Visitor: 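Okay, here's the structure, questions in a sec.
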There are 2 protein chains.
Amino acid sequence: MMLMTIGDLMDPETMSIREMCDAFDVTPRTLRFYESKELLFPIREGQKRLFTRRDRARLTLILRGKRFGFSLEEIRQLLELYYVGDQQETQLTRTLEVAQDRLSDLEQRRAELDDAIAEMKSQMGMIRDMLSGLSDGKDTA
Amino acid sequence: MMLMTIGDLMDPETMSIREMCDAFDVTPRTLRFYESKELLFPIREGQKRLFTRRDRARLTLILRGKRFGFSLEEIRQLLELYYVGDQQETQLTRTLEVAQDRLSDLEQRRAELDDAIAEMKSQMGMIRDMLSGLSDGKDTA
DNA sequence: CGATAGGTTGACGTTAACGTAAATAGAACG
DNA sequence: CGTTCTATTTACGTTAACGTCAACCTATCG
């Protein structure tokens, strides 16, 4: 029962597809699908995929983006704003402009979310009022 | 060119499907689809749909829910928390419990959103640093 | 009355984001 | 060497949320 050798380059930096699935609670299909959509770029050891620290950081952002309801294509564009290589000044300036737009979107969503939370609380207040009215009726009957 | 008569019951409370589409920027298909999924309940004048104030309030919530990435089924369940009829105490208590869970979800999302905003700002700071570094190099050359 | 405008009900088509199954490959165990 | 594990590619299937016809009704204008 050999578990590994030196030659296995058991890099703690990289993870197998199964390790990724366990760590992020996704299926292999999902990871391969994300690679095909150029959201992840695992390296290859022979035929097998090895996911790097960078892939894990990206996957974290991807899953959060999904919870926010962004499409994978929108997420892919968002990811481009991170991982800025050594670009030209013009390109960096452009990236910064796009990032500012995305930031405005996020802040807009935050405002909407605050509204939704306030409304939900108000609604709960009304239900509580109805309940206290009911128990009053019972108590004072 | 007659526009309307008294008998038309030109209720300012109700809107035709086209008025709804213009007001909310959706297609007729979308409104009919939402009705089929029991998210909206327009009344009928003969064959034609008439959307009430209640339908408009619901549609507002539906569209916001969509921007948050909720599925229509999730939204339908959320809508049940609003429009509470005259229910039994037990049922009201249950509704309140469910509402509390939804509220926790929303607040959880807001926390995540705050993280995302902070990260985006940090990333923009890094890009700005790179840019100032570039212009420094030019100025001091 | 005929044409036009606005609405209706099917019913099939489309896209995104995977699920699922079949066939294949290589490493390791016994 | 045969099996077992893990992973891979290929490819068809599925669900949600509509889009897009086609065929039909019906009120009103001219």
Side-chain angles (χ1 to χ4, degrees), chain A residues 1-10 14-51 55 58-59 61-79, chain B residues 1-10 14-51 55 58-59 61-79:
Chain A
M1 182 166 68
M2 185 174 44
L3 289 181
M4 71 189 57
T5 70
I6 301 287
D8 279 343
L9 50 109
M10 186 53 188
T14 71
M15 289 172 62
S16 75
I17 199 167
R18 182 112 308 273
E19 288 167 336
M20 286 290 283
C21 293
D22 293 347
F24 289 91
D25 193 33
V26 295
T27 70
R29 176 67 171 109
T30 298
L31 295 178
R32 297 192 191 105
F33 184 71
Y34 290 171
E35 182 185 4
S36 78
K37 291 304 175 102
E38 301 188 64
L39 292 167
L40 298 177
F41 306 95
I43 56 180
R44 297 301 177 108
E45 183 192 37
Q47 168 139 276
K48 300 184 177 178
R49 291 169 174 80
L50 287 182
F51 295 84
D55 289 313
R58 294 177 71 96
L59 184 53
L61 291 179
I62 293 169
L63 296 179
R64 187 170 66 191
K66 290 211 62 189
R67 284 194 293 276
F68 289 166
F70 290 119
S71 72
L72 292 184
E73 176 54 23
E74 288 170 327
I75 292 170
R76 197 184 60 71
Q77 294 177 26
L78 276 175
L79 285 174
Chain B
M1 181 166 68
M2 187 184 21
L3 288 181
M4 71 188 58
T5 69
I6 301 287
D8 278 345
L9 49 110
M10 187 53 188
T14 71
M15 290 173 61
S16 75
I17 198 166
R18 181 113 308 276
E19 289 167 335
M20 286 290 283
C21 293
D22 293 347
F24 289 92
D25 193 32
V26 295
T27 70
R29 177 67 171 106
T30 298
L31 295 177
R32 297 194 192 103
F33 183 70
Y34 289 171
E35 182 185 4
S36 78
K37 290 305 177 100
E38 302 189 65
L39 292 166
L40 297 177
F41 307 94
I43 57 179
R44 297 302 176 107
E45 183 193 34
Q47 169 140 275
K48 301 183 177 178
R49 290 171 175 80
L50 288 182
F51 295 85
D55 288 314
R58 294 177 71 97
L59 184 52
L61 291 179
I62 293 168
L63 297 179
R64 186 170 68 191
K66 289 209 63 187
R67 284 194 294 277
F68 288 166
F70 290 120
S71 73
L72 291 185
E73 175 55 23
E74 288 169 328
I75 292 171
R76 196 185 61 72
Q77 293 177 27
L78 276 175
L79 285 174

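So you know, we letter chains A, B, ... as the sequences are listed, proteins then strands, and number each from 1. Source: prediction; values computed, not measured.
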Visitor: Does the Glu74(B) side chain pair with the main chain of Ser71(B), one donor and one acceptor, at a distance under 3.5 Å?
Guide: yes

Visitor: So Leu72(B) and Lys66(B), do their side chains get closer than 4.5 Å, heavy atoms only?
Guide: yes

Visitor: Please round to the nearest 0.5 Å and tell me the distance separating atom CZ of Arg76(A) and atom CG of Leu40(A).
Guide: 12.5 Å

Visitor: Without decimals, in angstroms, what is the distance between Glu19(B) CD and dG7(C) C1'?
Guide: 13 Å

Visitor: Measure CE/Met20(B) against C1'/dG6(C) and give the value in whole Å, please.
Guide: 17 Å

Visitor: Determine: side-chain N/O of Ser16(A) to OP1/OP2 of dT6(D), distance under 4.0 Å, yes or no.
Guide: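 It does not, given that no N or O in the side chain of Ser16(A) lies less than 4.0 Å from OP1 or OP2 of dT6(D).
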
Visitor: Using only atom types and a distance under 3.5 Å, with no angle test, would you say the side chain of Arg44(B) pairs donor to acceptor with the backbone of Leu50(B)?
Guide: no

Visitor: Side chain to side chain contact (heavy atoms under 4.5 Å, CB included) with Arg18(B): which residues, sequence neighbours excluded?
Guide: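 Result, side chain to side chain contact (heavy atoms under 4.5 Å, CB included) vs Arg18(B): Ser16(B), Cys21(B), Asp22(B), Pro28(B).
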
Visitor: Whole Å only: how far is the CZ atom of Phe33(A) from the P atom of dT20(C)?
Guide: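 Atom-to-atom, Phe33(A) to dT20(C), this comes out as 15 Å.
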
Visitor: How does protein reach along nucleotides 8-15 of chain D, written 5' to 3' as B (base within reach of a heavy atom under 4.0 Å), S (only sugar-phosphate), or - (no contact)?
Guide: BB-B----

Visitor: Supply the atom-to-atom distance Leu78(A) CG to Phe70(A) CZ, rounded to the nearest 0.5 angstrom.
Guide: 6.0 Å

Visitor: What is the distance from CD of Glu73(A) to P of dA17(C), rounded to the nearest Å?
Guide: 9 Å

Visitor: Under the side-chain contact (heavy atoms from CB on, under 4.5 Å) test against Phe51(B), which residue among Leu59(B), Thr14(B), Ile43(B), Leu31(B) passes?
Guide: Leu31(B)

Visitor: State, to 0.1 Å, how close Met15(B) and Met20(B) come at their nearest heavy-atom pair, and which atoms those are.
Guide: CE-N, 3.6 Å

Visitor: Provide, to the nearest angstrom, the distance between the CG atom belonging to Leu31(A) and the P atom belonging to dA17(C).
Guide: 15 Å

Visitor: Is any side-chain heavy atom of Ile75(A) less than 4.5 Å from a side-chain heavy atom of Leu61(A)?
Guide: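 A side-chain contact under 4.5 Å is absent here.
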
Visitor: Taking atom C1' of dC18(D) as reference, at what distance in whole Å does atom NZ of Lys37(B) sit?
Guide: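 It is 10 Å, rounded to the nearest whole Å.
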
Visitor: With a cut-off of less than 4.0 Å, is there a side-chain N or O of Tyr34(B) near OP1 or OP2 of dC18(D)?
Guide: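 Yes, such a contact exists.
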
Visitor: Of all of residues 64-71 of chain B, which get a heavy atom below 4.0 angstrom from DNA chain D, listed by number?
Guide: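 Heavy-atom cutoff 4.0 Å gives Lys66(B), Ser71(B).
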
Visitor: Establish, with yes or no, whether the OP1 or OP2 oxygen of dC18(D) is under 4.0 angstrom from a side-chain nitrogen or oxygen of Thr27(B).
Guide: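 Indeed not, no polar side-chain atom of Thr27(B) lies that close.
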
